[in-house]
2 protein chains.
Amino acid sequence: MASRNPRQTRERLLQTAFREIHAHGFQGMRVDEVLRRSGLQKGAFYHHFGSKTELGYAVLEEQIRPLLESVWLAPLAEIEDPVEEFPHLLDNLGERIPPAMREHGCPLNNLAQEMASQDEGFRQRIAQLFEAWVEGFEAMFERAKTGGYVRNNIDSWAVARFMIAALEGCIGIFKVEQSPEQWRACRTQIAVYLATLRPRDC
Amino acid sequence: MASRNPRQTRERLLQTAFREIHAHGFQGMRVDEVLRRSGLQKGAFYHHFGSKTELGYAVLEEQIRPLLESVWLAPLAEIEDPVEEFPHLLDNLGERIPPAMREHGCPLNNLAQEMASQDEGFRQRIAQLFEAWVEGFEAMFERAKTGGYVRNNIDSWAVARFMIAALEGCIGIFKVEQSPEQWRACRTQIAVYLATLRPRDC
DNA sequence: ATTCAAACAAACCGGTTGGTCTGTTTATGG
DNA sequence: CCATAAACAGACCAACCGGTTTGTTTGAAT
């Protein structure tokens, strides 16, 4: 047995819990199953986390937040022309994420839909993450404004919100019908929408 | 006590279960709580339904399907010009639905996100309902084509799918942040997208 | 080396949960 | 009026599940 390593134990619990929550939802996740899969015991769990709910919060902050950062915020920050580049980001999204994401969708949105109206603690933390995501989009559009890639009079905040909504909606629909056609349709229409942001449309 | 009325008993169970599922998700819904709220007993429940899962299926078919019909399919069928009329439909959506919908979002999408990857029976039935919804949108756009309200070369199927995705996404985001501003933003951007379907844009 | 708190292991617990079983009442057709 | 099955009532149950408790081991400071 590996010698004691609190940080690693905690991380192991978080990672396993993240997978279980992603696969079965927070309510469907069982503490015992997380323990079984991580090869740890109750003692370890309740030493690191006060309750199942606190574990859920920690998963949001320490697992989902970094994922949001690497999968979305970082790539968004490198985009100059959203109208042309963002659809490409969607095209190779499949390669930038683990296969579990295709089956179970967006971990953040899953938790949002399940827990937002159940637990205020979840709702606030989820709102915070969405806010960060919105800011990522907003920054991209503002940059695109100064670059002349989009009109100057667009409401970056509203557009950002809608982009996230459309994205989550598409991912959600994809969960029900995992057809490439489905995804292509959404990707294409998002591109159509983005094109409306171009200056002097007519 | 009202005399026996099997059909009414079943309906009472279905309605109560629908509310509980809508409020807490299918996994979060408790059979005992449905019984308590409906004032019935275990015997009645397991006489009408084989299991909790079968109840879930019945709620989909007998509660959510009619709701989809009245809230969306019927209004969509009366739209001639989607570009102008659909945004109005979104504006008075709040008045056409019970207040519980604002708090807990779309019952169909909730079940979709929670159960699609958990239970194949759910997934199929949900896919069927989405399909009916898509057909409603498709029919609307095809009608609009012949009416000259939208271009003839648009992919009605893809547009329909995207409309539903965007809608569900907006509703989902709204669940996390119940601000009117949030909803207005989505409504406006959907209108922007719809405008791209107009003939001779330029 | 000793001490002491952190980091666990593992048995244990009480309430919950979906589901069953047995018995009783009600409607209905003959 | 009677027979029969449908339509329940309500006690019961085993498994589950989050959480607690108690005891033990480990590592690091003194």
Side-chain angles (χ1 to χ4, degrees), chain A residues 1-60 62-63 111 114-115 118-122, chain B residues 1-60 62-63 111 114-115 118-122:
Chain A
M1 198 60 182
S3 79
R4 280 185 182 177
N5 189 337
R7 204 170 308 180
Q8 182 181 314
T9 297
R10 187 188 151 90
E11 183 66 18
R12 185 161 178 71
L13 284 169
L14 279 174
Q15 286 180 3
T16 312
F18 169 67
R19 282 193 219 105
E20 288 295 300
I21 290 175
H22 191 213
H24 305 115
F26 177 74
Q27 302 186 86
M29 178 268 278
R30 306 284 109 131
V31 175
D32 283 353
E33 182 64 15
V34 170
L35 262 23
R36 206 184 61 78
R37 288 194 187 256
S38 58
L40 294 165
Q41 298 292 335
K42 278 282 172 75
F45 184 93
Y46 283 95
H47 172 73
H48 287 282
F49 304 98
S51 66
K52 183 188 176 183
T53 301
E54 273 192 23
L55 170 71
Y57 295 166
V59 165
L60 262 173
E62 298 172 45
Q63 296 285 125
L111 269 179
E114 181 190 3
M115 299 305 297
Q118 302 291 319
D119 182 294
E120 179 62 14
F122 267 105
Chain B
M1 196 60 183
S3 77
R4 278 186 183 177
N5 188 337
R7 205 171 307 178
Q8 183 181 312
T9 297
R10 186 188 152 90
E11 184 66 17
R12 186 162 178 68
L13 285 169
L14 279 174
Q15 286 180 4
T16 312
F18 169 68
R19 281 192 221 106
E20 287 297 300
I21 291 175
H22 191 212
H24 305 114
F26 177 75
Q27 302 186 84
M29 178 268 279
R30 306 281 106 128
V31 175
D32 283 354
E33 182 64 15
V34 170
L35 263 22
R36 203 184 62 78
R37 288 194 187 257
S38 58
L40 294 166
Q41 298 291 336
K42 278 284 170 75
F45 185 94
Y46 283 96
H47 172 74
H48 287 283
F49 303 99
S51 67
K52 182 188 177 183
T53 302
E54 274 192 22
L55 170 71
Y57 295 166
V59 165
L60 263 173
E62 299 171 44
Q63 296 284 126
L111 270 179
E114 181 188 3
M115 299 304 296
Q118 301 291 318
D119 181 295
E120 179 62 14
F122 268 105

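Here the structure is a predicted model, which is why all the values come from computation and not from measurement. The chains referred to below are lettered A, B, ... by the order of the sequence lines, with proteins before strands, and numbering in each begins at 1. FYI, side chains are in, hydrogens and waters are out, and symmetry mates aren't considered; it's all heavy atoms of this structure.
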Between B/Q41 and D/dC8, does any side-chain N or O lie under 4.0 Å from OP1 or OP2? no
Counting only side-chain nitrogens and oxygens, does A/S51 get under 4.0 Å of the OP1 or OP2 atom of D/dG18? no
Are OP1 or OP2 of C/dA7 and a side-chain N or O of A/T9 less than 4.0 angstrom apart? no
Report the distance from atom CZ of B/R12 to atom P of D/dA9, rounded to the nearest whole Å. 11 Å
For the residue pair B/F49 and B/F45, does the interplanar ring angle fall in the parallel (under 30°), tilted (30 to 60°) or perpendicular (over 60°) class? tilted
Nearest-0.5 Å distance that lies between atom NZ in A/K52 and atom CD in A/Q27: 7.0 Å
Protein-nucleotide distance (B/F26, atom CZ; C/dG18, atom C1'), rounded to Å: 10 Å
Can you pull every protein N or O that's under 3.5 Å from an N or O on nucleotides 26-30 of chain C?
{"unit_1": "C/dA27", "atom_1": "OP1", "unit_2": "B/S3", "atom_2": "OG", "d": "3.4"}

Sorted by number, residues from residues 42-49 of chain B placing a heavy atom under 4.0 Å from DNA chain D are B/K42, B/G43, B/A44, B/H47, B/H48
To the nearest angstrom, how far is A/N5 atom CG from D/dA28 atom C1'? 14 Å
My understanding is that only residues two or more places apart in sequence, or in another chain, count here; which of them pass salt bridge (charged side-chain N to carboxylate O under 4.0 Å, His left out) with B/D119? none
Do the side chains of B/R10 and B/E62 get nearer than 4.5 Å, heavy atoms only? yes
Check whether any side-chain heavy atom of B/E11 sits under 4.5 Å from a side-chain heavy atom of B/Q63, and report yes or no. yes
Within the structure provided, determine whether B/Q15 and B/S38 are in side-chain contact (heavy-atom separation under 4.5 Å). no
Let me know the distance between NZ of A/K52 and P of D/dC17, rounded to the nearest Å. 9 Å
Determine whether B/R30 and B/L35 make a side-chain contact, defined as any pair of heavy atoms from C-beta on separated by less than 4.5 Å. no
Quickly work out the A/R7 CZ to C/dC8 P distance and round it to whole Å. 12 Å
In Å and rounded to the nearest 0.5 Å, what is the CE to OG1 distance from A/M29 to A/T16? 10.5 Å
Taking atom CE of A/M115 and atom CG of A/L60, what is their separation to the nearest 0.5 Å? 9.5 Å
Whole angstroms only, please: what is the CZ-P distance between A/R30 and C/dT17? 10 Å
Given that B/V31 and A/R10 both sit by DNA chain C, which one's nearest nucleotide is further toward the 5' end? A/R10
Distance in angstrom units between A/E20 CD and D/dG18 P, rounded: 11 Å
